Amino acid sequence: SRQSHIRNFSIIAHIDHGKSTLADRILEATQALTKREMKEQTLDAMDLERERGITIKLNAVELTYKAPDGETYIFHLIDTPGHVDFSYEVSRSLAACEGALLVVDAAQGVEAQTLANVFLALENNLEIIPVINKIDLPNADPDRVKKEIEDVIGLDASDAVLASAKTGIGTEDILKQIIDRIPAPTGDPDAPLRALIFDSLYDAYRGVVVYVRIIDGTVRVGDTIKLMATGKTFEVIEVGVSTPKIETRDALSVGDVGFLTASIKSVHDTRVGDTITYAERPAAEPLPGYRKMNPMVYCGLYPIDTARYDDLREALGRLELNDAALQYEPETSEALGFGFRCGFLGLLHMDIVQERLEREFNIDLIATAPSVIYKVKLTDGSTVDVGNPSEMPERKYLEEVSEPYVKATIMTPNDYVGTIMELCQRKRGDFKNMEYLDDNRTNIIYDLPLSEIMYDFFDSLKSSTKGYASLDYEMDGYRVSDLVKMDILLNGEKVDALSVIVHKEFAYDRGKAIVEKLKELIPRQQFEVPIQAAIGLKIISRSTIKALRKNVLAKCYGGDVSRKRKLLEKQKEGKKRMKAVGSVDVPQEAFMAVFRMS
Ligand code: GDP
Ligand code: MG
């Protein structure tokens, strides 16, 4: 039967170990695309993904494979992101699969996210096929990596495929193991429909497109379906799959991974993780769905052009559909006007959302410095969550302030243990444990304030270990800390969007650093602009931006015209990402500087 020939699998790996490249090889082997149609990392469809060389979104394709045994198989391959910020996408893909290819770089070996992704796969009861990739590299050491997979992860690696996604070595063997080891879907095609929504997006022509894995039953064009969480019903207009070309079908049945449209106009009617069933003959129980993700980082997003506030709201609504982890609510800032406080899973996620809003919806934005959520106990006994530093109550009302901590697991070659411990100590870390994984690898476990690791921790870790250490972290509750709010005043006026929460011990140094940085970043104005950092009423640091000389063009007077034009253009460019705060023009970088220096 068709169902017994379906294999649904995902590819999991630490970032850069070669998931997307291996997906390309599998696409080629199944002749989904001709050589001419092939681009590198075909499944990374977003421009943003290609430019940055990372996978942001999961991606599902249906492939037909004529096996050497003469049988034809249907594969549904789901490519997933590797960065820790997007592990939510990974866990969603895995719930739609029966198996996973675990790709491990033959030179780098097992890393923190290799382990984290394996745990996700095991939670979903997936059959895991280890693939040791990049064996073409001169420093590849497949035997050591095999041993690591066994010792560190605890998986049998005796049948691990030795592969090079670059040259194509091992691809046939991988396909064979997919067929032999990954079980076919077991659902009942005649039972009431149960389709898991694992992704969705908004299409200007077709409305909401939902991506589903059919667990039970069959969905046909014309069926009336019900979304179990919202109770809304719709008539199915179109079903199909990506091969990766869009192909419409009459029906999707058990084991299929594809899309459907049903004139769903409102982005609020569908929810990732919801179950689709028949309106007439509904399933008794929805599928388990997904764990809700809580944002870890917040920032304010404001349109540079205030007239585009409604466009921004609309854009966020549509993006939310394609990015289930994004949260937002309206907020106002004295300095920046109307905008939204948005919640993200991490800084990379925040960066990607801002860039998608600008590219896909054409809205220029100012983002305020990212902040974690502080839990604040007030003297009257009540507690509040503060995700916007400017909303931190005055000191006299504060009983205590707690900040989020993470449990960080750092996997490293033994040589760097000392360096890493110094780094963690500097970031207010609390040493927890150390595990020797094998002869040359150690796991170091630290409790760290989330705010300290948010910005440059990962970069510092990479640069101080020549790229060999890797990091994974999970939230680990709140702890009371000695934190204060620092305000920034421009031209004597407090700018709410520049307020920042800092540890008291570092307040003076950071105040000084921020003021100096702002002096560098804020362009000269027609008048002198004092910059001050204050805690409460106390000014802890100050500096002054000198007034602009009368005429910037004066020095080109008589000079050649092209130089003059260049200067004007440069000024115009600088203007683009600038927001007038009172009488002072403040560039985007200034908002980020507050955070980088703190
Ligand atoms: P992903 O982050 O896991 O999706 O990794 P990519 O597929 O984007 O690959 C990361 C980098 O490793 C790219 O520069 C690839 O060209 C390279 N790469 C992937 N597979 C191989 C391989 O088998 N051999 C070599 N030498 N490089 C590879
Ligand atoms: Mg990739």
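Since we're looking at a predicted model, the values are computed, not measured. Atoms within a ligand are numbered from 1 in the order they appear, just like the ligands themselves. We number each residue from 1, following the sequence as shown.
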Can you sort out which atoms of ligand 1 are near [X], meaning under 4.0 Å from one of its heavy atoms?
X    : result
N133 : 20 (N), 21 (C), 23 (O)
L137 : 26 (N)
H17  : 3 (O)

>> Could you check whether E111 and H17, counting side-chain N and O atoms only, form a donor-acceptor pair closer than 3.5 Å?
In response: yes

> Is ligand 1 under 4.0 Å from a heavy atom in the side chain of T21, in the backbone, in both, or in neither?
Replying inline: both

> Given that the side chain starts at C-beta and the backbone is N, CA, C, O, which of these parts of A13 lies under 4.0 Å from ligand 1, counting heavy atoms, or is it both or neither?
Replying inline: neither

Identify each donor-acceptor pair in which a side-chain atom of residues 417-427 lies under 3.5 Å from a protein atom, sequence neighbours left out, and give them as a table.
from	atom 1	to	atom 2	distance (Å)
Q425	OE1	Y446	OH	2.8
K427	NZ	D456	OD1	2.9

> Taking it one step at a time, do R249 and E247 satisfy salt bridge (Lys or Arg N to Asp or Glu O under 4.0 Å)?
Replying inline: CA-CA 7 Å; R249 299 272 162 89; E247 273 182 27; 3.2 Å; yes

>> Does the Lys NZ or Arg CZ of R318 fall within the cation-pi geometry relative to Y202 - under 6.0 Å from the ring centre and within 45° of the axis?
In response: yes

>> Given Q113, H14, K134, identify the one with the heavy atom nearest to atom 11 (C) of ligand 1.
In response: K134

>> Could you work out, with side-chain hydrogen bond (donor to acceptor under 3.5 Å, both in side chains) as the rule, every residue matching E150, not counting sequence neighbours?
In response: none

> What about I135: any of its N or O atoms under 3.5 Å from an N or O on ligand 1?
Replying inline: no

> Do A165 and ligand 1 have an N or O pair less than 3.5 Å apart?
Replying inline: yes

> Which word best sums up how the rings of F9 and F75 line up, parallel for under 30°, tilted for 30 to 60°, or perpendicular for over 60°?
Replying inline: perpendicular

